[in-house]
Every structure is written in C-alpha cells, then in structure tokens.
Amino acid sequence: MGRKPFRLRRPRGAAEMLSAAVVALAVLFLAVRLTTAAVGALKEAWPFALALALSAGTFGAWRIARAVYGRRRDAERLAVLRVTLAEFDAMDDRQFECALRDLLARDGWPARRVGGGGDQAADVIGDHRQRGRIVVQAKHTRVGGKVGSSVMYAVKGTAGPVHRADHAVVVTNGTFTRDAMAWGDRHGIHWVDRERLRRWAGGGTALHELLGLSARIRRGRFRRAA
C-alpha cells in the first residue's frame, strides 16, 4: 500500500492554536531579521558593488573602443598604400624591392632596402618594436614564374648568422614550387606567393597577421639552428 500524502491540518483547540501562533510569530521574526541583515549587508557592500559595476562597464567600453580603433587603423593603413598585382608585374627588380619596403613600413616595420650585389639573401630588412627584425628576399618574376627550394636554402643560411633576423620571408609576384613551400614551412622560412601578395598589398592585411608572425620571444632561433 502506498503512503498517504502528508497534509497539514487546521489547529484544533486553544493549545494548538496558541502553538501555531507562536510558530508563525517566530517565522515572521526570523524573516524580519534576515531582511534587516540583508539590507545592512547591502548598505555596507554597495561601494564594492558599484566599483565592480564601473569596472565591468569600463572594460566593455575599452573593448569597444579598441575594436573601433583597430578598424580605423586598418582603413588608414590601407589608404596609405595599396599595390595591385598588375602594378607589381610591371615593376623591375629594384621597384619591386622598394614596394615591399614601403609595405613593411605601412604595417609598422620601419624598413630599408639593402638589395644588390652581395646582399646575402636579403633585399629588405625591417625592424618592429614588438616583433623584432624581419629579412625579406624579393623574387620578381615574369607572370607564371616559380621560385625553387634553393632560394629557401640561401635565406635560411644567412637570416640569423648574417642579418640577426627574428623572421625571414621570401616574397614573389609569381609562385613557389611545392618542394620550396614544404621546405620553408619545415624550417621556419615564410613565403608570400602571388595570392598572399594580393591579400597583403591589395587587400590591406598586415604581413604579421597574414603569416602569423610572433613577438620577439623567438629571437635568435635562426642563429641557434645555424
């Protein structure tokens, strides 16, 4: 047999009525005490709660302002310099190197062109406050031209020992052989082919964002590997 549900019954007699009244008064007294304590605690804690709310609001406003500033900075950067693939194709080697230098400067890498005889696999060198030094080897080719693995070998051999680079990249207006890309990926030599060049120079994506370049924490890795 199942148990009968528990039900409260009305007090019977004066004694039960008195007991019920006492219990009700005790519950009411306890509720009043709890309410009074809660109000007192709220009065004491309101400066902390206000400070917490203000901090949360300030952080939210900072995040919004940062996003707005980032979009504005990207728009300004793109407006300063924008180069199309057709313009790259029409350049000579020196003009190509100068254009890459200017693009680095656009992205916050004050750079200089060093290409020429005896450049030791570095045509442009840029220095960034947070991300360190980047060495760029420029390979201007005819449309459809491919850059092979030998270029990657040369850059790997001089980026650290000679140029003290944190990052090394080979840039072309053409393409890379499959072996060259695979070797570069394995040995930390970044590459920018025609499609990446379009995104960098024409689309406005910063080079460090395009390639995922880290901060200076990896400085000297080329020298250690040499």
Side-chain angles (χ1 to χ4, degrees), residues 74 77-128 131-214 222 225-226:
D74 292 342
R77 184 181 64 209
L78 183 58
V80 169
L81 181 61
R82 188 171 185 171
V83 186
T84 66
L85 291 177
E87 290 172 325
F88 280 123
D89 294 339
M91 295 176 182
D92 59 26
D93 291 351
R94 181 184 179 87
Q95 291 171 333
F96 186 58
E97 293 166 4
C98 291
L100 298 184
R101 175 202 63 196
D102 294 343
L103 285 167
L104 282 174
R106 182 198 73 179
D107 293 344
W109 301 76
R112 63 190 186 279
R113 176 184 173 272
V114 295
D119 60 25
Q120 300 189 79
D123 294 310
V124 180
I125 295 178
D127 291 283
H128 193 283
R131 294 182 173 84
R133 172 166 291 184
I134 188 169
V135 167
V136 176
Q137 173 72 352
K139 288 297 177 183
H140 188 265
T141 71
R142 58 180 173 79
V143 177
K146 287 191 174 183
V147 177
S149 299
S150 60
V151 176
M152 299 294 190
Y153 306 156
V155 173
K156 177 69 174 180
T158 62
V162 176
H163 304 295
R164 304 176 64 82
D166 297 285
H167 312 283
V169 57
V170 181
V171 182
T172 182
N173 62 317
T175 58
F176 292 87
T177 64
R178 185 176 302 175
D179 288 343
M181 290 186 291
W183 196 93
D185 290 342
R186 284 197 306 271
H187 297 280
I189 306 300
H190 300 280
W191 49 270
V192 174
D193 61 359
R194 190 171 181 83
E195 172 57 24
R196 288 183 175 181
L197 183 61
R198 180 192 64 78
R199 291 166 57 193
W200 178 27
T205 302
L207 185 64
H208 56 270
E209 296 173 356
L210 181 68
L211 300 179
L213 301 183
S214 62
F222 289 109

Salt bridge check: are Lys146 and Asp179 linked by an N-O gap of less than 4.0 Å? no
Measuring only between side-chain heavy atoms, which start at C-beta, is [X] closer than 4.5 Å to [Y]?
{"X": "Leu85", "Y": "Leu197", "value": "yes"}
{"X": "Trp109", "Y": "Arg131", "value": "yes"}
{"X": "Leu213", "Y": "Val169", "value": "no"}
{"X": "Arg101", "Y": "Glu97", "value": "no"}
{"X": "His128", "Y": "Ile134", "value": "no"}
{"X": "Val170", "Y": "Phe176", "value": "yes"}
{"X": "Thr177", "Y": "Met152", "value": "no"}

What residues, two or more places apart in sequence or in another chain, satisfy side-chain hydrogen bond (donor to acceptor under 3.5 Å, both in side chains) together with Gln137? none
Nearest heavy-atom neighbours spanning [X] and [Y]:
{"X": "Met91", "Y": "Gln95", "answer": "CA-OE1, 3.3 Å"}
{"X": "Trp200", "Y": "Leu104", "answer": "CZ2-N, 4.0 Å"}
{"X": "Asp123", "Y": "Ala138", "answer": "OD2-N, 2.8 Å"}
{"X": "Thr175", "Y": "Asp193", "answer": "CA-CB, 4.3 Å"}
{"X": "Ala180", "Y": "Ser149", "answer": "N-OG, 3.2 Å"}
{"X": "Arg133", "Y": "Asp166", "answer": "N-OD2, 2.7 Å"}

Report yes or no: does [X] contribute a side-chain atom to a donor-acceptor pair with the main-chain N or O of [Y] at less than 3.5 Å?
{"X": "Arg82", "Y": "Gly202", "answer": "yes"}
{"X": "Arg196", "Y": "Leu210", "answer": "no"}
{"X": "Arg113", "Y": "Val124", "answer": "no"}
{"X": "His163", "Y": "Gln120", "answer": "yes"}
{"X": "Asp127", "Y": "Pro110", "answer": "no"}
{"X": "His190", "Y": "Gly212", "answer": "no"}

Listed partners of Asp93 passing side-chain contact (heavy atoms from CB on, under 4.5 Å), at least two apart: His140
Of all residues at least two apart in sequence or in a different chain, which pass the side-chain contact (heavy atoms from CB on, under 4.5 Å) check with Val114? Arg112, Ala122, Ile125
Is the number of heavy atoms from other residues, nucleotides or ligands within 6.0 Å of CZ (Arg186) greater than 12? yes
